[in-house]
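For the numbers below, each heavy atom of this structure counts, side chains included, while hydrogens, waters and symmetry mates do not. Naming: A, B, ... by sequence-line order, numbering from 1 per chain.
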Protein chains: 4
Amino acid sequence: MNPVRVGIVGLGRLGRRHAENLAWHVPGAKLVAACSPVSEEREWARAKFAEPSIHQDYDALLADPSVDAVWLVTPTSLHASQIIAALRAGKHVFCEKPLSLDLAECDAVIEAHARHPHLHVMIGFVRRFDASYRDAFDSVTKGAIGRPFMVRSQTCDKNDPDGFFVRFAPTSGGLFLDCSVHDIDLARWLLGNPKPKRVYASGTIAIHEGLRECNDIDNGVGTIEFEDGRLAVLYASRTMAHGHDTQTEVIGTAGVLSVGRNPRANRVEIADAHGMRNACTPTFFERFEDAFLREAQAFVALLRDGMPTGLTLADAREATRIGIAMRQAYESGRAVEL
Amino acid sequence: MNPVRVGIVGLGRLGRRHAENLAWHVPGAKLVAACSPVSEEREWARAKFAEPSIHQDYDALLADPSVDAVWLVTPTSLHASQIIAALRAGKHVFCEKPLSLDLAECDAVIEAHARHPHLHVMIGFVRRFDASYRDAFDSVTKGAIGRPFMVRSQTCDKNDPDGFFVRFAPTSGGLFLDCSVHDIDLARWLLGNPKPKRVYASGTIAIHEGLRECNDIDNGVGTIEFEDGRLAVLYASRTMAHGHDTQTEVIGTAGVLSVGRNPRANRVEIADAHGMRNACTPTFFERFEDAFLREAQAFVALLRDGMPTGLTLADAREATRIGIAMRQAYESGRAVEL
Amino acid sequence: MNPVRVGIVGLGRLGRRHAENLAWHVPGAKLVAACSPVSEEREWARAKFAEPSIHQDYDALLADPSVDAVWLVTPTSLHASQIIAALRAGKHVFCEKPLSLDLAECDAVIEAHARHPHLHVMIGFVRRFDASYRDAFDSVTKGAIGRPFMVRSQTCDKNDPDGFFVRFAPTSGGLFLDCSVHDIDLARWLLGNPKPKRVYASGTIAIHEGLRECNDIDNGVGTIEFEDGRLAVLYASRTMAHGHDTQTEVIGTAGVLSVGRNPRANRVEIADAHGMRNACTPTFFERFEDAFLREAQAFVALLRDGMPTGLTLADAREATRIGIAMRQAYESGRAVEL
Amino acid sequence: MNPVRVGIVGLGRLGRRHAENLAWHVPGAKLVAACSPVSEEREWARAKFAEPSIHQDYDALLADPSVDAVWLVTPTSLHASQIIAALRAGKHVFCEKPLSLDLAECDAVIEAHARHPHLHVMIGFVRRFDASYRDAFDSVTKGAIGRPFMVRSQTCDKNDPDGFFVRFAPTSGGLFLDCSVHDIDLARWLLGNPKPKRVYASGTIAIHEGLRECNDIDNGVGTIEFEDGRLAVLYASRTMAHGHDTQTEVIGTAGVLSVGRNPRANRVEIADAHGMRNACTPTFFERFEDAFLREAQAFVALLRDGMPTGLTLADAREATRIGIAMRQAYESGRAVEL
């Protein structure tokens, strides 16, 4: 069976991780092209990989007939148009989350995909591919906690005193669309895709006053009520002192299953004058390092063997829709009906 | 120094615990009277304690001049009138939480107390006297986590398949006033008593359909927004499979402090075919056994030495006020302004 | 039923704890006398307790007919002679562990007790009365881990930079007889009192060089082989940085049960720049605070109701015998046959 | 730079894992040959890998000039002769632990290596390459726990009711040489390679009576005393109910560092009628999956870049020497001087 020939687009920190995975760790994949408008990033790719052709321009990569699939690790504002262009060029698409900050764009992608049903498009909700989340999903599905009726989930990043994300805020879509979108997707997945009915959200600025001018926050909480009575309670933060702390609980009629209650870095513990303690995962990179690899393997398995990932464009659109409603609820101080 | 002579009122399960503490474990206190309308409960007291005079009637107990303080472990609907009567009779009062389900009643108690300023009234928000919560409060106050800006807190009871609380539901005030009232008080205490601005709440019936007729729920979540931007996120449940699970997190600009993340029963762990595990506290009795004792000691210290507890009737009224707003938010599906 | 009238002997730090328990927290006990050769300690007792008669001299206390039982919290070197004197005076005896550092003395006590079979003598192996150890014992007895065949147990104290115990070393009996004696007793208890066959031990001085002159160590390990093939592995230390860390594991054919794997001070955890952590119990006082109380309650229940504690003088002698063998093994570098 | 061309020898369960790592996950390595006397294993390799040449016979593989390095995952009894043959054929060697059960064989390998100093030989003490152990080593080396003076370490396998290892016992070298050899190596590594002075060991058969005829045990403990006073306490078991449980503690003058106190399978926890629990790693495969990969990467980095692993043949010999002494101590009931 021929390998899937992949062209990666975007070689920032996360893009490089994906590129390395595709080049060396995904049996059945071949990294044949890389594209970035940044010359340093292209230099990195040239030095790191012998084989791929390097492009400055996305259209040039799309014109390359040796590319079967594009792998988009680009700014969110480009996602929709880049996906549509790739479909028109006959390429499969992997694209980092979120699909888009705009519902109309989500719909345009879904329509474009409907015109190319033989091509696969996958949005990278990476947590679904983490071994622990996968185990949780399987256990819940098998009935380990009875009927699951509530999810509590958080995405909390370590505080960056330099406030990189403050500069990023005007285009990030805000805390809920940038961070909680993961938890929205997890909640829907773990609860069996119930239909959302109403959303409420609140937020505050704990540290980064610079967010105020674009009406963003550094800590936010929200509730999703689903039509069948199920609930999700979400929390997102940019200001943790201890590290990246992603946690999820699924509460069922016969038990509570949790993922990541202690964001331990590894299996080391130390007992000393500070008490008994463990280091924490500093960023989502360390926490989801394996999941990024499994995600790539899943995409390749989808293309080669038709192995379904259970992740659709409709899921990605729904995550954006709920994220937008959370932002509206926060801004208005009112519950938003969906 | 003379001991504080206490008359206990109400000898149900919790009342008996209080009675035993007062009789044997609180230096400076003396259990001199007990009162219950239930003959079995009076029998229990007669068999257990040599000294106290036993009353069927509350007024008889109030007429007893040897009683310095009454200790009310009675149905919530009686709290306000019993406190007011005790004050009129010149007795100090300890009363189980909540003060009342009704704001006008709370105000009546506060007014009555204002007319008897030399008498002490304390509402038993027992968690404030738990050693771990006390340690958490002290650490937060000392700045261990920077500026605290958010509390997440839950009161989750083990599921009672017999559904005792369903029969209790018509008079309990509902899930938020019965359970979350603890978390409301904790959040206010740990955040330094900020002024609430807006409340939202949601809920569901996971197991006990019998609650539907009195419009109650067995799982509920809520958000409190305070005027200074601080937040509280609460969860209450009647349906846990593993035990009584009370947890609280205080999130600050320099750390997250938690109490009770694992509701472990004791220091035993077992590794076997079920994995690595620990038993959980079955009910709030086991979890707060020591706290009930410390609470009694604190009340006696207040009466004998004027040692303040930091717990006022205004705190108790505020907990009721916010709890009522949570119920309204749940019932209306709308955020409630305070 | 009349209360047990107790006279406490020795009012150092631990003696005071016992005295307070007996005075206020043990229903059925009455602290009627206290004895110490140290005037400050007698002053403390006079200020603290209204009732007890205060003695400077042990014989005076024994002569007091109102004393039913003596409670010895005195130097180990006095234990045997004080117990024997108490028995001759017709008093029941509670005595802190160890019974003696000398086997002949142990035998003399056992013989004296045989001449006064109506009197009770209990040596305070306090861990048997800790709620977690009690739960462990019950679980093991019920077969929760199949057949238990090995115990690993440690007694590790927080390092005292002042090295108080170095000055205490010449009379303590050394690390194994002072600390491991607890673990020896636990191992025997949890394994059902198997007969020891052979002992080996090793040790080192990690910090306190002053121990060298009395041939003591600040860290020691040992193995006990029992005749039926069961094993115990013990560790004792004076040099922990994080606190008092007492742990015990029982290993069985169907599971491993542990007590105290994390010597957590309470239910508080904090996540901050140091990672995720909890404070530890600073000394055995905090760790075994409740156990000292339960121990006193058990002794009173023994005297009043004949409720057996399962703890005999033969157990205390065996702990001393094995402790001596461990010291010999350490000193000789050879396994010691028992 | 040219890739390291590897020929794998032995394709049992662990051999296959190594083969997959070398084929797909080790940049800079190329799996060019595979060798097994078992036809099913050769079939597996043919089906799995397109490129490698497949050999039935070790000599044939050694004769292949395209092989730079051999990777031995063969029975321990073959290790020494196969390593020596590979060196003579001019190949680098990776070999699974232990080097040999026989000290004379260890010496013969060391001598052979001395005659081929340009070739690298690495014995696979895989735990040194585990991320958590590596973190522990780095922390200890940096002084995080002061001066380390004691290691406690265990290798405990999940019980196999079929008793595969009982059939393997006659050639395994026994529990200490098969399992504790890992802990011996860890203890030496973490303590900075102190010189051993004396060893003691004990053991028992908890479940597998079939071991008795070859004088082996299924649970064993031992102590290593080093010349500078440092200590190691080891435990090995074949009979755990909960899974593979490898733990190590390093005890220092300023703290205790542990690896793997809870052998958690992943980040999932469940709270239900069994309490609060997590699944455990079933076998060493799951526990050390990543470490096997890092080990292979380290060997390749050694060959390509001369990056030292810190692991010498002298280390492997010392582990065997101490393991043999532990077995002698167990068999004789006496401490063995080294």
Could you list the residues that satisfy ring-ring contact (aromatic ring centres under 6.0 Å, His included) with B:His18, not counting sequence neighbours?
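Once residues adjacent in sequence are excluded, the partners of B:His18 under the ring-ring contact (aromatic ring centres under 6.0 Å, His included) criterion are B:Trp71, B:Phe94, B:Phe292.
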Output the option from B:Ala279, B:Ala273, B:Pro27 having the highest count of non-hydrogen pairs under 4.5 Å with chain C.
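Among B:Ala279, B:Ala273, B:Pro27, the one with the most close pairs to chain C is B:Pro27.
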List the atom of B:Ser132, the atom of C:Val268, and the distance in Å for their closest heavy-atom pair.
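Heavy atoms only, the tightest pair is O-CG2, 3.2 Å.
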Are more than 12 heavy atoms, taken from residues, nucleotides or ligands other than C:Lys30, located less than 6.0 Å from that residue's NZ atom?
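Not buried by this count: 12 neighbours or fewer within 6.0 Å.
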Identify which part of C:Ala50 has an atom lying under 4.5 Å from any heavy atom of chain B, answering side chain, backbone, both or neither.
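Contact with chain B involves no heavy atom of C:Ala50 at all.
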Using non-hydrogen atoms only, which part of C:Asn262 is less than 4.5 Å away from chain B: side chain, backbone, both, or neither?
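Contact with chain B is through the backbone of C:Asn262 alone.
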Side chain to side chain contact (heavy atoms under 4.5 Å, CB included) partner of C:Arg267, the single match among B:Arg261, B:Arg287, B:Gln247
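Checked B:Arg261, B:Arg287, B:Gln247 against C:Arg267; only one passes side chain to side chain contact (heavy atoms under 4.5 Å, CB included): B:Arg287.
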Residue from C:Val256, C:Val140, C:Ile145 passing side chain to side chain contact (heavy atoms under 4.5 Å, CB included) with B:Ile270:
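Among C:Val256, C:Val140, C:Ile145, the one meeting side chain to side chain contact (heavy atoms under 4.5 Å, CB included) with B:Ile270 is C:Ile145.
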Rounded at 0.5 Å granularity, tell me how far NE2 in B:His25 sits from CG in C:Asn21.
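Spacing of NE2 (B:His25) from CG (C:Asn21) equals 10.0 Å.
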Contact leader toward chain B among [options], where contacts are heavy-atom pairs under 4.5 Å:
| options | result |
| --- | --- |
| C:Thr248, C:Val250, C:Leu257, C:Asp130 | C:Leu257 |
| C:Asp135, C:Asp272, C:Asn266, C:Val26 | C:Asn266 |
| C:Ala265, C:Gly146, C:Ser258, C:Ala23 | C:Ser258 |

